[in-house]
Protein chains: 2
Amino acid sequence: MPTLAEIAKLAGVSPAVVSRVVNKDKTLRISKETLERVQEIVRESGYTANRAARSLRSTETGLIALVVHDVTNPVYGEITKGANAAAAAAGKAILISDASGGDEGTARLMELVSGRGIDGLVLQADQSLSDQVLARAARENVPTVLLQAELGDGMPAVVLPDKEAARLGTRHLIDRQHKAIGCLATAEGLSFTENRIEGWRAALSEAGLPCNDSLVRYSLPTIEDGRRAMEELLKMQPDISAILCCNVVSALGAMAAARDLGRRIPEDCAIVAIHDIPMADFVFVPLTTVEMPLYELGRVAIEQLMTPAGASGRETLVVSKAPRLIHRASS
Amino acid sequence: MPTLAEIAKLAGVSPAVVSRVVNKDKTLRISKETLERVQEIVRESGYTANRAARSLRSTETGLIALVVHDVTNPVYGEITKGANAAAAAAGKAILISDASGGDEGTARLMELVSGRGIDGLVLQADQSLSDQVLARAARENVPTVLLQAELGDGMPAVVLPDKEAARLGTRHLIDRQHKAIGCLATAEGLSFTENRIEGWRAALSEAGLPCNDSLVRYSLPTIEDGRRAMEELLKMQPDISAILCCNVVSALGAMAAARDLGRRIPEDCAIVAIHDIPMADFVFVPLTTVEMPLYELGRVAIEQLMTPAGASGRETLVVSKAPRLIHRASS
DNA sequence: CAGGAATGGTAAAACGAATTACCAAGCTGG
DNA sequence: CCAGCTTGGTAATTCGTTTTACCATTCCTG
């Protein structure tokens, strides 16, 4: 772990020269011999600049924090992968955290934001977290991008073609002659939830089918809550013959509920879920899904973060790759 | 984003006082009024120490890098959660990366290690990554813990009770009267692979059943490769009536292969997989699994990282929570 | 009332790299 | 032969904290 000064001493030059050589300063005039001598010593000593010192001067850390709800959810994993790749390409590393850190984790994140520990923040909105953290980030001028959430107050965001996806899935069910199509939505109040419900509604209206609010039920993106919501929905609306499930994880719970209520899938209850994951093909009834560009979502979020503010024109960026329906046995 | 000096000016004291107040320096003698005035200004200005400056002095960054194979794999997600919680409790944040960053990602990681960008490294061994990174970490004195891998050269490691788990799963199959039990192992050469094979072998010997190497087949922990390996195994050893699958993800591929070869599960081919994930219950035939303490693995890895070197006594630490068999329809 | 001990702080030197302004020596042109 | 340019660098400041050593006062105490 040599320092600049040590390298400089070895090479018989000043630290300034070493620094400028390492950073390829074009304005540095230097003789070929000195240059090569310095480079040689840098190479064989394996010198790497101390990050703390570099950050202190430059006010850049090379770190981007990515906050998602749940790292065990494969949907978020795919987003993470995209973000990771984009960040690596830009010379940044990703610092990931999720809600599982609890208050300690949140405190850690706040410290990171406040103390200029990160160059940027990609945040999947979450009621409790967002308010505090966003306020801090704004105050500290830490560039921030929201993932799958539009707050509307000029905050940059990256979203998926949610309405499209929901419409596509619903249309598929309509094409298969279903008349009473329910919607198992994600958590109430989130903008992407609303967008998906809107897509479902749009498809139904276009086909002249009924679509009132009693066909909608909210659920968290977990298996247990999907099961609960589906049970309630099927009991209150027994005529339903098909379901658009806005999250692939809650879809698993929903399928279990349908089965346990004696419904055959897809004969008595067809199911289409949003987001494709490899597992979908291995469910007890292989699940028809609408694939969304999750990897791109992660990638674009990072790219958006790094374009100078306002340069992109739009505050909310929709990942443009179109959703795609993958037909399996559940419909 | 005030600095120490600014706070000091506002409070009419020296920066040293502010620093020592913020860090609760017990040796600081200070009047009640001054203390409260400083605290008040710190609080209302929302002062947080600049991380780069702090790191520069203290040579601690508060960051720990966690490198796993694949963040979309729910098995690793659970490990990440445990690590996250333990790290947060210790005032550290987790910097996660996986192989998806490619060479860029590796380069980023190397920079982090070399430049004292992290306080510690938890690494899931991977041939290509390990050699370079481990060498660097050793040279830079960055504490390192290996996840599920024993290199044997004094490198601290944290492992699961792999042999136990494999034996438990195999014994379950033996109890159900299976005589020809194959083993779908994970990647060849890794220590945990060997341990699981050993557990499988032990259970068979104890029961006086045959166990030669032709009953073992290696596969990567992906669905596709699990399918390939299972196909080969069943074609070469058609007598096999049960399989211990060392990875739950490849088990999905294996089940698909068995089904496609006309075998009913569990009648013609029973399957037990190692690692329980929520999805296991939703597979086309619900999967019997051996649950392992993944969350604890992550947690212990971080704790091990933070105990002073050698203080734990043992270099390789086995997470002690016992594996548990979860019986479902596949066996 | 002198000498020592509390009290309530402060000054200054790190930490390691980046950067700007500057400088000495050698060369060139008029 | 000397003004000015080029070549090949260097000195010194800055980033924001932490920490150690130190210093004035005031307060006892014998």
Side-chain angles (χ1 to χ4, degrees), chain A residues 1-39 41-42 45-62 91 111-112 114-119 140-141, chain B residues 1-39 41-42 45-62 91 111-112 114-119 140-141:
Chain A
M1 35 160 188
T3 69
L4 252 195
E6 286 163 19
I7 302 280
K9 195 158 294 177
L10 284 179
V13 295
S14 72
V17 168
V18 182
S19 174
R20 297 173 71 184
V21 165
V22 169
N23 297 320
K24 306 202 198 319
D25 179 348
K26 286 296 169 195
T27 72
L28 169 65
R29 289 180 313 237
I30 194 176
S31 70
K32 207 167 199 308
E33 302 93 69
T34 313
L35 174 65
E36 282 168 0
R37 182 159 33 91
V38 171
Q39 285 177 330
I41 294 180
V42 165
S45 70
Y47 170 76
T48 312
N50 178 297
R51 301 207 118 219
R54 193 194 281 257
S55 298
L56 182 54
R57 274 248 28 179
S58 69
T59 66
E60 294 208 345
T61 63
E111 262 177 41
L112 237 31
S114 307
R116 302 221 75 81
I118 53 176
D119 295 343
E140 302 286 338
N141 282 321
Chain B
M1 32 158 191
T3 68
L4 252 195
E6 284 163 20
I7 303 278
K9 194 158 292 177
L10 284 178
V13 294
S14 72
V17 169
V18 182
S19 174
R20 298 174 69 185
V21 166
V22 169
N23 297 321
K24 307 202 198 319
D25 179 348
K26 286 297 169 196
T27 73
L28 171 64
R29 290 181 311 240
I30 193 176
S31 70
K32 207 165 199 302
E33 302 93 69
T34 313
L35 174 65
E36 282 169 359
R37 182 159 34 91
V38 171
Q39 285 177 331
I41 295 180
V42 165
S45 70
Y47 169 77
T48 313
N50 178 296
R51 301 206 118 220
R54 191 193 282 255
S55 299
L56 183 54
R57 274 261 10 190
S58 67
T59 65
E60 293 209 345
T61 62
E111 263 177 40
L112 237 32
S114 308
R116 302 221 75 82
I118 52 177
D119 295 342
E140 302 286 338
N141 282 322

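Sequence lines set the chain letters: A, B, ... in the order given, protein chains first and strands last, and positions in each chain run from 1. All figures in this text were calculated on a predicted structure; none of them were measured in a lab.
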### Task
Give a yes/no on whether any side-chain N or O of B/Arg54 is located under 4.0 angstrom from OP1 or OP2 of D/dT18.
yes

#### Entry: Listed nucleotide nearest any side-chain atom of A/Ala49, set C/dC15, C/dA17, D/dC15
C/dA17

## Note on the structure
Rounded to whole Å, the CD1-P distance (B/Ile30 to C/dT10) equals 8 Å

#### Entry: C/dA17 OP1/OP2 closer than 4.0 Å to side-chain N/O of A/Tyr47
yes

#### Entry: Between D/dG9 (C1') and A/Arg37 (CZ): distance, integer Å
11 Å

### A/Ser45, A/Pro15, A/Ser19 screened by side-chain contact (heavy atoms from CB on, under 4.5 Å) with A/Ile7, the one that passes
A/Ser45

### Task
Rounded to the nearest angstrom, tell me the gap between atom CG in A/Asp25 and atom P in C/dT20.
9 Å

### Query
Can you tell me if the side-chain N/O atoms of B/Asn23 get under 4.0 Å from OP1 or OP2 in D/dT17?
no

### Query
Below 4.0 angstrom from OP1 or OP2 of D/dG9, is there any side-chain N or O of A/Thr34?
yes

### Message
Tell me if a side-chain donor or acceptor on B/Thr48 pairs with a main-chain N or O of A/Ser114 at a distance below 3.5 Å.
### Response
no

### Task
Take the protein atom CD of B/Glu111 and the nucleotide atom C1' of C/dA17, then report the distance between them rounded to whole Å.
15 Å

### Query
So which one's nearest nucleotide on DNA chain C is more toward 5', A/Thr27 or A/Ala53?
A/Ala53

### Query
How is A/Val22 classified with respect to the nucleic acid when contacts are heavy atoms under 4.0 Å: base, sugar-phosphate, or nothing?
nothing

### Message
Considering every strand and a 4.0 Å limit on heavy-atom distances, what is the contact class for A/Val18: base, sugar-phosphate, or nothing?
### Response
nothing

### Message
A side-chain contact here means heavy atoms from C-beta on lying under 4.5 Å apart; do A/Arg116 and A/Glu60 qualify?
### Response
no

### Message
Is there a side-chain contact between A/Ser58 and the phosphate of C/dA18, meaning an N or O under 4.0 Å from OP1 or OP2?
### Response
no

### Query
Between A/Lys24 (NZ) and C/dT19 (C1'), how many Å, whole number?
18 Å

## Note on the structure
Side-chain contact check for A/Leu4: nearest option of C/dT10, C/dA18, D/dT19 is C/dA18

### Query
Within this structure, what is the CZ-to-C1' distance between B/Arg116 and C/dA17, rounded to whole angstrom?
16 Å

### Task
Keeping the roles fixed (side chain from B/Thr61, backbone from B/Ser55), state whether a donor-acceptor pair exists under 3.5 Å.
no

### Task
Using atom CG of A/Asn50 as one end and atom C1' of D/dC15 as the other, report the distance to the nearest whole Å.
13 Å

#### Entry: No-H, no-angle donor-acceptor pair, B/Arg20 side chain to C/dT10 base, under 3.5 Å
yes

### Message
Looking at A/Arg57 and C/dA17, is any side-chain donor or acceptor paired with a base atom of the opposite kind under 3.5 Å?
### Response
no

### Message
Return whichever of A/Thr3 or A/Arg29 has its heavy-atom-nearest nucleotide of DNA chain C closer to the 5' end.
### Response
A/Thr3

### Which residues share a side chain to side chain contact (heavy atoms under 4.5 Å, CB included) with A/Thr34, sequence neighbours left out
A/Val13, A/Ile30, A/Ser31, A/Arg37, A/Val38

### Query
Does B/Asn23 use its side chain to pair, donor to acceptor, with the backbone of B/Asp25 at less than 3.5 Å?
no

### Interatomic distance, B/Lys9 NZ vs D/dG16 P [rounded to whole Å]
13 Å

### Query
Which nucleotide sits closest to the side chain of B/Ser14: C/dA17, C/dT10, D/dG16?
C/dT10

### Task
Indicate whether OP1 or OP2 belonging to C/dG9 is found under 4.0 Å from a side-chain N or O atom of B/Ser31.
yes

